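Have a look at the structure below, then the notes.
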Number of protein chains: 2
Amino acid sequence: MVEEQIIQLLRKSQLSVTDSRRKILEIFIQAGSALAHHDVEEKTSERYDRVTVYRTLQTFMEKGIIHTIPTTDNSIKYALCKEDCAEGHHHDNHIHFVCEICGAITCMDEIHVPTINLPEGYHANQINMVVNGICKNCKA
Amino acid sequence: MVEEQIIQLLRKSQLSVTDSRRKILEIFIQAGSALAHHDVEEKTSERYDRVTVYRTLQTFMEKGIIHTIPTTDNSIKYALCKEDCAEGHHHDNHIHFVCEICGAITCMDEIHVPTINLPEGYHANQINMVVNGICKNCKA
DNA sequence: GCCAATTTTGCAACTTTGTTGCAAATGATA
DNA sequence: TATCATTTGCAACAAAGTTGCAAAATTGGC
């Protein structure tokens with residue numbers, strides 16, 4: 001059951017289980033794709049304060065439950081991390097796909113980011129790859 | 001002479017040559033790396049209004065003079081486009097390098113983005129690749 | 001160089017987005 | 001269930017970005 005998984009995840013991250021945290025995690029799981037702060041706020045505004053949403057997303061970031069995705073329009077999008085995302089250190093070296101039609105952002109875990117040869121003297125720590133295009137559902 | 005180049009570029013983009021546009025282009029040329037709106041504002045605040053900077057950057061975007069770079073901290077960075085950037089359609093398929101120490105963002109034109117195989121049904125239009133690490137100048 | 005038409009700028013006012021401090025409410029633990 | 005620590009909501013604020021409109025600057029023809 002989903003509700004149980006959510007509680008497990010919060011416990012594992014050493015976070016107390018509160019209504020807002022449960023609800024926000026649920027929203028991410030149901031959404032399936034990445035969400036902006038605004039999206040989360042919209043879906044919870046009747047219940048939780050704006051500030052609570054900000055703080056909850058921040059906490060989830062710190063605990064490695066969600067990560068941000070750099071998009072070309074530079075709006076901050078958050079997505080659930082995978083199993084092996086540890087606190088502080090993310091394994092989100094996968095490709096993010098942004099659909100130009102429906103706007104959905106998908107994490108393509110199956111495709112890993114190719115290695116590249118940087119010029120002399122440069123050292124890479126993290127590589128982000130964002131692909132814009134048309135997704136499976138929107139293809140006519 | 002740089003001043004001449006700037007005027008040429010504005011003319012080519014069918015923009016009237018105004019003080020603020022000249023000055024802002026000059027700032028980008030001198031900077032060499034990508035700049036946030038804030039950076040531009042700082043360097044011009046004595047002369048030009050905040051709103052003018054916003055509108056100028058917007059105009060430059062539309063005309064393909066500058067493009068945005070998706071960064072991991074999701075702050076909007078603007079950088080000069082290369083020769084072959086046409087109005088509306090950017091050829092900025094190069095790698096952007098963000099130095100974690102000095103913060104400078106460099107466009108690595110010499111390295112082109114590798115092609116990747118997307119899952120069935122997905123179609124890529126634009127690929128953005130942002131590499132975070134340590135740059136030549138900051139390497140101890 | 002000057003004049004009229006158009007474009008651009010600055011100002012003011014506003015909306016949206018994000019932050020901080022503090023008291024009240026909630027959750028964890030014994 | 002009582003206590004302590006954490007989390008929440010509120011208020012107030014700071015920063016980022018937008019819009020309408022009148023004044024100023026730019027362009028192109030004369």
Side-chain angles (χ1 to χ4, degrees), chain A residues 3-4 6-27 34-63 65-78 87 103, chain B residues 3-4 6-27 34-63 65-78 87 103:
Chain A
E3 190 64 14
E4 267 307 310
I6 288 172
I7 292 170
Q8 296 279 312
L9 178 53
L10 287 171
R11 285 262 152 74
K12 205 183 76 185
S13 307
Q14 295 177 292
L15 291 173
S16 44
V17 181
T18 66
D19 282 1
S20 60
R21 285 175 184 164
R22 280 215 303 251
K23 179 65 182 166
I24 290 174
L25 267 186
E26 204 183 300
I27 288 169
L35 298 171
H37 168 90
H38 184 77
D39 300 325
V40 178
E41 205 184 306
E42 245 178 10
K43 291 183 210 278
T44 60
S45 56
E46 286 152 25
R47 296 217 233 170
Y48 308 112
D49 194 75
R50 244 160 43 81
V51 179
T52 301
V53 177
Y54 275 110
R55 290 198 268 226
T56 304
L57 292 178
Q58 223 168 275
T59 305
F60 285 177
M61 282 284 292
E62 283 162 14
K63 294 293 182 180
I65 297 174
I66 57 174
H67 63 271
T68 54
I69 300 168
T71 56
T72 27
D73 70 340
N74 280 279
S75 61
I76 306 181
K77 301 281 185 183
Y78 302 91
E87 185 165 341
Chain B
E3 190 65 12
E4 267 307 310
I6 289 172
I7 293 170
Q8 295 280 311
L9 178 53
L10 287 172
R11 285 262 152 73
K12 204 183 76 185
S13 307
Q14 295 178 292
L15 291 173
S16 43
V17 181
T18 67
D19 282 0
S20 60
R21 285 175 184 165
R22 280 214 303 250
K23 179 66 183 165
I24 290 174
L25 267 186
E26 206 183 299
I27 288 169
L35 298 171
H37 168 90
H38 184 79
D39 301 325
V40 178
E41 205 184 304
E42 244 177 12
K43 292 183 208 282
T44 60
S45 57
E46 287 153 26
R47 297 216 234 171
Y48 309 113
D49 195 76
R50 244 159 43 82
V51 180
T52 301
V53 176
Y54 276 110
R55 290 198 268 226
T56 303
L57 292 178
Q58 222 168 276
T59 305
F60 285 176
M61 282 285 293
E62 283 161 14
K63 294 295 182 180
I65 296 173
I66 58 175
H67 63 270
T68 54
I69 300 168
T71 57
T72 28
D73 70 340
N74 280 279
S75 62
I76 306 182
K77 301 281 185 182
Y78 301 91
E87 187 165 341

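None of these values were measured; they are calculated from a predicted model. Side chains are part of it too, since the values below use all heavy atoms of this structure and drop only hydrogens, waters and symmetry mates.
A/Ser20 and A/Thr56 make their closest contact through OG-OG1, 4.2 Å (heavy atoms, listed as atom of the first residue, atom of the second, distance). Across all their heavy atoms, A/Arg50 and A/Glu41 have their closest contact at CG-OE2, 2.9 Å. Between A/Lys43 and A/Lys23, the closest heavy-atom pair is O-CE, 4.3 Å.
Residue contacts for B/Arg21: at a heavy-atom cut-off of 4.0 Å it reaches the sugar-phosphate backbone alone, with no base atom in range.
Taking atom CD of residue A/Gln58 and atom P of nucleotide D/dT6, one finds them 17 Å apart after rounding to whole Å. Spacing between atom CD of B/Glu42 and atom C1' of D/dA16 amounts to 14 Å, rounded to whole angstrom units. Between the CG atom of B/Leu35 and the P atom of D/dA16 there is a distance of 15 Å, rounded to whole Å. Rounded to an integer number of Å, the gap from A/Tyr54 OH to D/dC13 C1' is 14 Å. Separating the NE2 atom of B/His37 from the C1' atom of D/dT18 is a distance of 12 Å, rounded to the nearest angstrom. The nearest whole Å value for the distance from the OH atom in B/Tyr78 to the P atom in D/dA16 is 12 Å. Across the protein-nucleic acid pair, B/Arg50 atom CZ and D/dA16 atom P stand 8 Å apart, rounded to whole Å. Straight-line distance from the CG atom of A/Leu15 to the P atom of D/dT6: 12 Å, rounded to whole Å.
For A/Asp19 and B/Arg47, each mapped to the nucleotide of DNA chain C holding its nearest heavy atom, the one lying further toward the 5' end belongs to B/Arg47. Between B/Ile76 and B/Val17, the residue whose closest nucleotide on DNA chain D is further toward the 5' end is B/Ile76. Sequence order on DNA chain C of the closest nucleotides to B/Val51 and B/Thr18 puts B/Thr18 first from the 5' end.
Here B/Asp19 pairs with B/Arg22 under the salt bridge (Lys or Arg N to Asp or Glu O under 4.0 Å) rule; sequence neighbours left out.
Separation of the A/His37 and A/Tyr78 ring centroids does not fall under the 6.0 Å cut-off.
With a cutoff of under 4.0 Å to any heavy atom of chain A, the contacted region of DNA chain C is bounded 5' to 3' by C/dT17 to C/dA28.
Two residues are said to be in side-chain contact when any heavy atoms from C-beta on lie closer than 4.5 Å; A/Ile7 and A/Arg11 meet this criterion. Side-chain contact check for A/Leu15 versus A/Phe60: some heavy-atom pair is nearer than 4.5 Å.
In this structure, A/Ser16 reaches the D/dT7 phosphate: one of its side-chain N or O atoms is under 4.0 Å from OP1 or OP2.
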